[in-house]
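Comments concern the structure below.
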Amino acid sequence: MAQKPSIPKGTRDFSPLEMARRNFIFNTIQEVFKQFGYQPIETPAMENLSTLLGKYGEEGDRLLFKILNSGDFTKNIKAEDYEAKNLNRLALAVSEKGLRYDLTVPFARYVVQHRNDITFPFKRYQIQPVWRADRPQKGRYREFYQCDVDVIGSNSLLNEVELIRIIDEVFNRLKVNVTIKLNNRKVLSGMAESIDAADKLIDITTAIDKLDKIGIEKVYQELLSKGITQDSIDNLEPIINLSGTNDSKLNCLKQLIGHTDDGEKGIAELETVLNYLKPLNVKSKVEIDQSLARGLNYYTGAIIEVKANGVSIGSICGGGRYDNLTGIFGLPDVSGVGVSFGADRIYDVMKEQNLFPKEVETSTEVMFVNFGEREGAHALEVLVSLQQNGIRAELYPDAGKMKKQMKYANQRAIPFVVLIGEQEMETKHYTLKNMLTGEQEKLTLDELVKKIKKAQ
RNA sequence: GUGGUUGUAGCUCAGUUGGUUAGAGCACUGGAUUGUGGUUCCAGGGGUCGUGGGUUCAAAUCCCAUCUACCACCCCA
């Protein structure tokens, strides 16, 4: 136990069964992305710190993994920074690269860098791990995969509609029951403006974002502590407390904040998206949630978040529109909208709800028992024909005890075993054993193929 | 980053007020069964009790530190 090896905090190994299930998720998501016409890109695991820093707020900067410079990494350290324990400056002195924190900022960097080769609107997807130096918890890891779809260079709200359809399609295929929550940043600014607290937008949004979790009283407490007046809070109450159907929420919002510029625009956008959606037969519940804010302060329009119904885990997918993300890299006025699927959390939800189809766990469909040199050679020929017919087959490599070979097949959950000994070699009728029922029968090669194919 | 809970065999866990050689179930290996797994029976291997220090004649057990996992906050996929 003492010197048992281990892996860093918040990281995980994935064993074959977990990989089979994870790949099921990744493949499903990727198929949907492709079906909607998105193209893949990849970016490096590490980016220059200058690309990453300052994009996620103070909290985000703290959660960035930084990479120690090669060579003499002390050469840029200034004595006074060391004396004063100026950690930020020391970190910059010894490190100029960091692990990516999400896929959106590297994508923005990519777009700016390759702007001359890209045809806009650019629809890309990206499935890669990201790293955050967060304290791990259930559903929270330090290394996890994001599956991003974004379209950049188009202001059309049809993109929002398309993303919602993608979300719906992915979770339908995965059989995960979800609620898609929708809001608009402009509605939030309209709210702030209508209570004369436009300058406190961030404080207001982060506070009411917690409504679900901590209840309305605590939200008010937090607002007061941030310097929002009691008058303003009283005015805010009817807005936060909206309930009912999307239509009735929209109507109330119009009355309450429709007079502000941003409020009017935001409501109109929400209404447009929902109207597009109406005839499209989206199966997941789509609901307006005027308390939905999400932390990232670069969203400017739509805000989207997906929750799995009946599982207490954070959001499993989220995103929104950002009008000027590439602006920070010197390419202004390019609007983008996208969402990110959290594969690891989707895995946890599906695990908890037993949603993985057991077919994904079958690797080898048929195993040949090895009786010895001559029998093995014969089995190999039969095996090749099966493989050429698209059947996943393997021959046990050692002519060991039959019990051991059967046990191997059993534990690998291989549904069929073929036995080829003296008798079978002579008659060319091979014994096929169904490992689930225990039934055996003697079949010719053609019958063998047919039988196994039928079970696929 | 703040506060709390935790750690004994590969896994899930017992372990008395601190007291000889730390146990069980499952898993693993071998046998009963040299052409039959998943059931049954028998036998066996495997732990310096997370790590480091301290208290004590004596520590898995008490104290401190540290690491891990989990929970709440913060934040988020």
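Naming convention: chains lettered A, B, ... in sequence-line order (proteins, then strands); numbering from 1 in each chain.
Using a 4.0 Å cutoff on non-hydrogen atoms, no part of residues 33-45 of chain A comes near RNA chain B. Remark: Gly438(A), Gln440(A) in residues 438-456 of chain A come within less than 4.0 Å of RNA chain B through at least one heavy atom. Residues of residues 400-410 of chain A having a heavy atom closer than 4.0 Å to RNA chain B, listed by number: Lys401(A), Met402(A), Lys403(A), Met406(A), Lys407(A), Asn410(A).
If you measure from atom CZ of Arg140(A) to atom C1' of G1(B), you get 12 Å, rounded to the nearest angstrom. Separating the CZ atom of Phe416(A) from the C1' atom of G38(B) is a distance of 16 Å, rounded to the nearest angstrom. At whole-Å resolution of the value, OH in Tyr141(A) and P in A69(B) are 11 Å apart. When the C1' atom of G37(B) is taken as reference, atom NZ of Lys433(A) falls 6 Å away, rounded to whole Å. In this structure, Glu305(A) atom CD and C75(B) atom P are separated by 14 Å, rounded to whole Å. Distance CD (Glu375(A)) to P (U34(B)): 17 Å, rounded to an integer number of Å. Between the CG atom of Asp209(A) and the P atom of C75(B) there is a distance of 9 Å, given to the nearest Å. For the pair Leu292(A) CG and C76(B) P, the interatomic distance rounds to 12 Å; values are reported in whole Å.
Between the side chains of Thr362(A) and Glu359(A), no donor-acceptor pair is found at a separation under 3.5 Å. Checking Lys442(A) against Gln423(A) by side-chain atom types alone, a donor-acceptor pair falls below 3.5 Å. Asp348(A) and Tyr141(A) are linked by a side-chain donor-acceptor pair at a separation below 3.5 angstrom, with hydrogens and angles left out of the test. A donor-acceptor pair shorter than 3.5 Å can be found between the side chains of Arg124(A) and Gln126(A). Inspection of the Thr431(A) and Glu441(A) side chains reveals no N or O donor paired with an N or O acceptor under 3.5 Å.
Between U29(B) and A60(B), the two C1' atoms lie 28 Å apart (nearest whole Å). Spacing between C11(B) and C57(B) at atom P, rounded to whole Å, works out to 37 Å. For the C1' atoms, the distance from G10(B) to G47(B) is 12 Å, rounded to whole Å. Taking the C1' atoms as reference points, A9(B) lies 14 Å from U48(B), given to the whole Å. Distance check on atom P: C63(B) versus A77(B) gives 41 Å, rounded to whole Å. Spacing of P atoms, A24(B) relative to A43(B), comes out at 12 Å, to the nearest Å. Nucleotides G18(B) and C62(B) are separated by 8 Å at their C1' atoms, to the nearest Å. Nucleotides G50(B) and U61(B) place their C1' atoms 16 Å apart, quoted to the nearest Å.
Ring-centre distance between His378(A) and Tyr430(A): below the 6.0 Å cut-off. Tyr396(A) and Tyr408(A) have their aromatic ring centers within a separation under 6.0 angstrom.
Nearest to the side chain of Met435(A), among A77(B), C28(B), G37(B), sits G37(B).
Using a 4.0 Å heavy-atom cutoff across all strands shown, Glu422(A) reaches at least one base atom of the nucleic acid. Nucleic acid contact for Gln137(A): base, since at least one base atom lies under 4.0 Å from a heavy atom of the residue. Using a 4.0 Å heavy-atom distance criterion, Lys210(A) is classed as a sugar-phosphate-only contact. Tyr145(A) comes within 4.0 angstrom of nothing in the nucleic acid, heavy atoms only. Note on Leu436(A): a base of the nucleic acid sits closer than 4.0 angstrom, heavy atoms only. Looking at heavy-atom distances under 4.0 Å, Glu424(A) makes contact with a base. Gly372(A) comes within 4.0 angstrom of no nucleic acid atom, judged by non-hydrogen atoms across all strands. Residue contacts for Cys147(A): at a heavy-atom cut-off of 4.0 Å it reaches no nucleic acid atom on any strand shown. Contact annotation for Leu419(A): base contact, defined as any heavy-atom pair under 4.0 Å involving a base atom.
Checked by atom type and distance alone, the side chain of Asn69(A) pairs as donor or acceptor with a backbone atom of Val94(A) at under 3.5 Å. With hydrogens and angles ignored, the 3.5 Å screen pairs no side-chain donor or acceptor of Ser95(A) with any backbone N or O of Leu92(A). Distance alone, capped at 3.5 Å, is enough to place a donor-acceptor pair between the Asn434(A) side chain and the Thr437(A) backbone. Using a distance-only test at 3.5 Å, with no hydrogens or angles considered, no donor-acceptor pair links the side chain of Asp209(A) to the main chain of Thr205(A). Looking only at distances, no side-chain donor or acceptor of Arg392(A) sits under 3.5 Å from a matching main-chain atom of Gln387(A).
Side-chain atoms of Arg135(A) and base atoms of C73(B) include no donor and acceptor less than 3.5 Å apart.
Classification of Arg89(A) and Asp81(A) as a salt-bridged pair holds, one side-chain N sitting under 4.0 Å from a carboxylate O. Ion pairing between a basic and an acidic side chain is recognised when a charged N comes within 4.0 Å of a carboxylate O; Glu59(A) and Arg132(A) show no such pairing.
Pairing for U56(B) is absent, with no Watson-Crick or G-U wobble pair whose two atom distances lie under 3.5 Å. The partner of G23(B), taking Watson-Crick or G-U wobble pairs whose two distances both stay under 3.5 Å, is C13(B). Across all strands shown, C28(B) is found opposite G44(B) as a Watson-Crick or G-U wobble partner, with both distances under 3.5 Å.
Between Ala133(A) and Val306(A), the residue anchored closer to the 5' end of RNA chain B is Ala133(A), taking for each the nucleotide with the nearest heavy atom.
Side-chain nitrogen and oxygen atoms of Gln146(A) include none within less than 4.0 Å of the OP1 or OP2 phosphate oxygen of C76(B).
When each of Phe26(A), Phe171(A), Tyr125(A) is paired with Phe341(A), the ring pair (Phe, Tyr, Trp, His ring centres under 6.0 Å) condition holds for Phe171(A) and for no other.
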